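Encoded as structure tokens, the structure appears first; notes follow it.
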Amino acid sequence: MSLVIVEVNGAMGTITLNRAKVNALNGELIDEIASALATMKARNLRVIVLRAKRGAKVFSAGHEVTELPTNGRDPITYNDPLRQIVRAIQLHPCPVIAMVEGSVWGGACELVMSCDLIVAAQDTTLAITPAKLGVPYNLSGILNLMKVVNMPIIKEMLFTARPVSAQRLMECGVINHVVPREELESFTQQLAMQIVETSPLVLRILKEELRVLASAHPITPEAYERIQSLRREVYDSEDYQEGIRAFLEKRKPEFHGR
Ligand code: LCV
């Protein structure tokens, strides 16, 4: 369990991302988060905090770019580790609080937003980056973002791929609380304890009802297949290859729309 630090304090569990440099979400790290969640479920913990190490400059740099396929395969399929951990958090039977400090990038924004509550330090920023990297984000990922961020803001975040402050996201109703870094742990602990005092059976059904209702978006098979074919045109494009190549070569991508 070297890529995460797992702590249990009474009915509260804490999962700390602990992967060197920037907590890039590779399969191994995500497997360890999933394993920690399963252990906490087995112990009937009543609230979980997902965090980075104290003082982190980067909460998570998002998807491990080197694990994005460049051989014509869909880069974000149902069984992609990021998709798996988002579902695991959404299906987890007790509330998960994202306690965020530092910058959050790409798929890590969806990871944070898939948590039930978000408490962020004042200097936290979130940047949703598919457009910068050339990645055709997938439908369930976009729906997860839409559940949390209203349309004008999610369009700005997706279309610019630029970091947005936690303060602004709190004003938009995305982040529950923004506090000074030095108060982040105590504030989150207090919020977690308020949750622990309530009925775990009722919280479990409330969380599942909210998940089911928020996901109730009818879409015809033809609409789904059309989106998938449009996404394939993107991940089969030169721009997709350019986005990943530019990242690895540490330079700005030059997209040509083909
Ligand atoms: C692998 C990395 C990464 C990384 N993967 O330190 O949302 S989608 O669709 O885009 C989805 C597919 C997704 O989530 O894609 C990833 C999106 N992430 C980003 O765009 C963030 C990319 N990273 C950065 O902008 C910077 O690394 C930040 C701002 C996170 C940290 O900057 P800082 O100057 O502190 P470095 O950039 O030097 O990064 C430290 C090491 O981590 C690697 C990076 O290549 C570098 O490796 P080396 O030390 O070997 O040079 N790294 C950073 N992000 N997502 N590897």
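Both counts, for ligands and for their atoms, begin at 1 and track the order of listing. Both backbone and side-chain heavy atoms feed into the values below; hydrogens, waters and symmetry mates do not. Please read all numbers here as calculations on a predicted model, not as lab measurements.
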Practice task
Kindly indicate, with the supporting measurements, whether the criterion salt bridge (charged side-chain N to carboxylate O under 4.0 Å, His left out) is fulfilled by K57 and E101.
Solution key: CA-CA 7 Å; K57 174 173 167 255; E101 53 188 307; over 6 Å; no
Practice task
Report the C-alpha distance between H63 and L68 in whole Å, list the side-chain angles of each, state the deciding distance to 0.1 Å, and finish with yes or no for side-chain contact (heavy atoms from CB on, under 4.5 Å).
Solution key: CA-CA 8 Å; H63 206 294; L68 290 169; 3.7 Å; yes
Problem - Heavy-atom check, side chain of V178 versus side chain of T124, under 4.5 Å - result: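 No - every pair of side-chain heavy atoms lies 4.5 Å or more apart.
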Practice task
Answer yes or no for R87 and Y78: cation-pi contact, defined as NZ/CZ to six-membered ring centre under 6.0 Å and angle to ring axis within 45°.
Solution key: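 Here R87 passes the 6.0 Å and 45° test against Y78.
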Completion exercise
Residues with a heavy atom under 4.0 Å from ligand 1, by chain and number, are K21, V22, A24, K57, V58, A61, G62, H63, E64, V65, L68, W105, G106, G107, T129, P130, K132, L133, V135, Y137, F247, K250
Practice task
Determine yes or no for a side-chain-to-main-chain donor-acceptor pair under 3.5 angstrom, with R231 supplying the side chain and Y137 the backbone.
Solution key: yes
Exercise for the section: Ignoring hydrogens and angles, state whether a donor on the side chain of D116 or Q90 is under 3.5 Å from an acceptor on the partner side chain. Expected result: no
